[in-house]
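First comes the structure, then the notes that go with it.
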Amino acid sequence: MACSFGAFEILDSVKTIQRVQNKFGQRPIPSSEAELLNLSRAFEFDRYARRVQESLSLERRHKFWETQPIAQFKDLGDTTLREGPIDPPTPLSEVKIDPYNLPAPFEWITCDMDSGEMCSEAYHLLSNNYVEDDENMFRFDYSKEFLQWALHPPGYFESWHIGVRVKTSKKLVAFISGVPARIRVRDNVFLMAEINFLCVHKKLRSKRLAPVMIKEVTRRIHLENLWQAAFTAGVVIPTPVATCQYWHRSLNPKKLIDVGFSRLGPRMTMSRTVKLYKLPDSTITPGFRNMELRDVPAVTRLIRDYLSRFVVAPDFDEDDVEHWLLPKENVIDSFVVESPETHEMTDFCSFYSLPSTILSNPNYKTMKVAYSYYNVATKTPLTQLMNDALIIAKKKDYDVFNALDVMENESFLKELKFGPGDGKLHYYLYNHRLRHPLQPSELGLVLL
Ligand SMILES: CCCCCCCCCCCCCC(=O)SCCNC(=O)CCNC(=O)[C@H](O)C(C)(C)COP(=O)(O)OP(=O)(O)OC[C@H]1O[C@@H](n2cnc3c(N)ncnc32)[C@H](O)[C@@H]1OP(=O)(O)O
């Protein structure tokens with residue numbers, strides 16, 4: 001069961017307790033009324049501290065995660081712990097050579113995602129077993145093209161695309177993947193792995209297969225001399241570096257209401273709702289156009305400059321920008337604003353395509369969903385730029401446009417009629433400790 005205190009509340013209370021305790025350390029004997037009041041407050045804080053401690057001990061144990069080099073809940077608020085890598089790299093000669101043991105019926109495979117057959121198998125595993133919403137109404141349906149794109153960035157390692165098969169039937173029943181990425185945390189750039197697409201077939205859940213898969217991908221990453229990783233998850237494990245929220249902008253409100261993704265607001269009719277979310281037919285920013293290969297150097301400059309202001313962000317070079325941001329049909333859409341007069345590249349926006357399967361609706365099978373990716377506005381107001389992105393997404397027949405509250409997204413969400421979702425997305429770093437959890441606006445990283 002999840003703890004009744006959120007990680008941030010706990011950190012806040014621990015920090016407050018420490019502040020009060022530090023004060024008392026300097027002034028041993030309270031005499032004035034004010035000091036007595038402070039003392040009684042301190043007792044309250046003390047009680048609160050005990051409650052926090054108790055709730056932490058009641059908190060479900062994390063048998064696996066407690067053994068891993070990640071910030072633990074009990075470390076929250078401990079300002080004596082150093083920021084940065086938790087464990088030093090081990091000599092490569094000491095990294096385990098053999099794969100971890102799987103239960104006897106299963107075997108490891110390395111997935112060649114260039115092979116149509118392999119990619120199809122991974123696609124089918126994920127489209128039937130990957131992430132669902134809390135009510136099991138929708139399930140992510142990453143396309144094959146998307147998976148190939150997501151798993152083949154510059155310098156990728158095929159050995160980090162890992163499957164588990166049933167030995168006898170050869171059926172693929174689990175998957176996990178990593179890709180390399182340079183990620184800057186404050187002033188230091190780390191070569192990390194981004195971990196994604198961890199999936200165990202529904203029939204094999206709760207059998208502790210996930211920890212073996214995580215250990216195996218870790219081993220294979222260590223063999224390439226990488227020691228840090230970044231990932232996101234909907235679940236809370238020790239310890240999020242940030243907790244973000246998804247916001248949704250209806251593009252096709254009627255369908256979204258019909259399939260139960262959204263509800264008709266109070267005192268709203270369907271026709272008023274449709275009108276509320278209506279968008280212009282074409283974009284309004286002069287010089288707004290699709291990004292092309294020739295734009296890679298200018299987009300790289302724009303994006304590097306922009307991302308430098310966040311605490312955690314990718315360290316993109318031109319190869320990364322070409323891979324991650326050049327448009328790819330039904331995978332990634334990217335746009336630049338090129339000044340019609342000076343031909344200077346002033347702004348950039350992008351979204352990726354991740355449909356969801358609609359589970360058990362008689363009329364609709366799929367929901368077309370665009371996800372805000374990286375956006376940089378230096379001349380055009382960000383809200384206007386994102387409105388143009390919404391216009392394009394609508395023209396491309398997306399049903400909804402999602403955005404996290406990372407980077408500067410908060411500044412446009414309400415004005416552009418995004419509504420807050422109920423799901424949270426937690427960001428994690430493996431083998432890297434941050435002194436404090438971050439605000440979503442301090443994050444310059446979007447993981448797929
Ligand atoms: C240096 C390099 C390092 C590289 C590695 C970096 C770390 C990468 C980490 C992975 C990043 C993945 C990023 C993504 O892809 S996030 C997407 C995750 N996938 C899904 O949600 C798809 C649907 N669900 C499933 O397929 C299964 O429920 C999964 C496979 C998720 C768990 O399978 P199952 O339900 O059958 O459980 P179990 O009995 O085998 O194992 C239970 C243990 O697993 C821990 N658990 C459960 N879910 C997650 C989760 N999302 N991240 C991390 N840990 C998770 C859980 O707390 C417990 O440990 P502990 O609480 O007892 O300690």
Side-chain angles (χ1 to χ4, degrees), residues 1-3 59-73 85-90 92 95-96 100 102-103 106 122 125-134 136 138-142 147 150-151 157 159-164 172-181 183 190-241 244 354 356-357 359 423-433 445 447-448:
M1 268 292 128
C3 170
E59 158 86 344
R60 199 195 88 191
R61 294 284 306 277
H62 289 281
K63 254 178 72 192
F64 169 64
W65 282 109
E66 281 166 14
T67 66
Q68 297 298 299
I70 35 114
Q72 300 292 337
F73 289 136
I86 296 169
D87 282 351
T90 23
L92 284 184
V95 178
K96 192 169 143 46
Y100 282 88
L102 278 170
F106 305 110
L125 172 72
L126 293 170
S127 64
N128 290 310
N129 299 278
Y130 200 49
V131 178
E132 297 180 8
D133 65 307
D134 288 345
N136 310 101
F138 310 99
R139 183 162 58 231
F140 283 155
D141 184 23
Y142 288 90
L147 292 174
L151 295 178
F157 298 96
S159 59
W160 296 4
H161 306 158
I162 306 171
V164 173
L172 184 71
V173 289
F175 187 80
I176 190 168
S177 68
V179 292
I183 295 185
F190 296 86
L191 195 49
M192 294 198 190
E194 290 176 354
I195 308 298
N196 206 348
F197 306 117
L198 167 61
C199 181
V200 168
H201 192 286
K202 288 184 173 202
K203 295 232 161 83
L204 295 172
R205 296 275 167 87
S206 305
K207 298 185 190 308
R208 311 300 298 182
L209 211 47
V212 190
M213 300 185 64
I214 294 168
K215 284 194 282 188
E216 179 59 12
V217 79
T218 303
R219 185 187 72 82
R220 294 187 190 199
I221 292 165
H222 284 168
L223 284 173
E224 302 299 341
N225 204 10
L226 270 72
W227 306 91
Q228 270 73 35
F231 60 99
T232 54
V235 293
V236 177
I237 51 172
T239 301
V241 295
C244 301
L354 165 50
S356 273
T357 302
L359 305 168
K424 297 263 192 257
L425 187 70
H426 308 280
Y427 277 70
Y428 298 92
L429 293 177
Y430 181 96
N431 197 22
H432 191 101
R433 180 186 289 115
L445 177 67
L447 297 176
L448 303 170

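As the structure lists them, so they are numbered: ligands from 1, and atoms in each ligand from 1.
Residue-ligand proximity: Ala193 is placed with every non-hydrogen atom at 4.0 Å or more from ligand 1.
Counting heavy atoms under 4.0 Å from ligand 1, residue Gln228 touches it through the backbone alone. Contacts with ligand 1 closer than 4.0 Å are made by backbone heavy atoms (N, CA, C, O) of Lys207 only, the side chain lying farther away. By the criterion of a heavy-atom distance under 4.0 Å, the side chain of Phe231, and not its backbone, is placed next to ligand 1. Using a 4.0 Å cut-off between heavy atoms, Phe197 contacts ligand 1 through its backbone alone, with no side-chain atom that close. Within the 4.0 Å heavy-atom criterion, the part of Tyr430 lying near ligand 1 is the side chain and not the backbone. When non-hydrogen atoms are compared, ligand 1 lies under 4.0 Å from the side chain of Ile221 (C-beta onward) but not from its backbone. Contact annotation: for Asn431 versus ligand 1, there are no heavy atoms closer than 4.0 Å. With a 4.0 Å cut-off on non-hydrogen atoms, Thr232 touches ligand 1 through its backbone and not its side chain.
Heavy-atom contacts of Asn196 reach the following atoms of ligand 1: 15 (O) (cutoff under 4.0 Å). Counting atoms of ligand 1 from 1 in the listed order, those under 4.0 Å from a heavy atom of Leu209 are 40 (O). Near Cys199, meaning under 4.0 Å from any of its heavy atoms, are these atoms of ligand 1: 26 (O). In the vicinity of Ala229, heavy-atom distances shorter than 4.0 Å reach the ligand 1 atoms 2 (C), 3 (C), 4 (C), 6 (C).
Not one N or O of Thr218 is nearer than 3.5 Å to an N or O of ligand 1, by distance alone. Between Ile195 and ligand 1, no pair of N/O atoms sits closer than 3.5 Å. Between Val131 and ligand 1, not a single N/O pair is under 3.5 Å apart. The shortest N or O to N or O distance between Arg205 and ligand 1 is below 3.5 Å.
Looking only at heavy atoms of the protein, atom 34 (P) of ligand 1 is closest to Ser206 N, 3.7 Å. Scanning all protein heavy atoms for the shortest distance to atom 45 (C) of ligand 1 gives Trp65 NE1, 3.8 Å. Of the protein's heavy atoms, Tyr130 OH, 3.4 Å lies nearest to atom 17 (C) of ligand 1. Protein heavy atom at the shortest distance from atom 1 (C) of ligand 1 is Trp227 C, 3.5 Å. Protein heavy atom in closest approach to atom 41 (O) of ligand 1: Pro211 CD, 3.2 Å. The protein heavy atom nearest to atom 56 (C) of ligand 1 is Arg60 NH2, 4.1 Å.
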For this session: Begin with the C-alpha distance, continue with both residues' side-chain angles, and end with the deciding distance and a verdict on salt bridge (charged side-chain N to carboxylate O under 4.0 Å, His left out) for Lys202 and Glu132.
Result: CA-CA 12 Å; Lys202 288 184 173 202; Glu132 297 180 8; 2.5 Å; yes
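Considering Leu198, Val212, Val217 only, the shortest heavy-atom separation from atom 18 (C) of ligand 1 involves Leu198. Proximity annotation for atom 59 (O) of ligand 1: of Lys63, His201, Arg208, Arg208 comes nearest, heavy atoms only. If you check each of Ile214, Leu425, Val235 against atom 49 (C) of ligand 1, the one with the closest non-hydrogen atom is Val235. The closest non-hydrogen atom to atom 33 (O) of ligand 1, taken over Pro69, Ala210, Gly178, comes from Ala210.
Between Tyr142 and Phe197, the ring centre distance stays below 6.0 Å.
The neighbour count for Asn136 CG, taken as heavy atoms of other residues, nucleotides or ligands under 6.0 Å away, is above 12.
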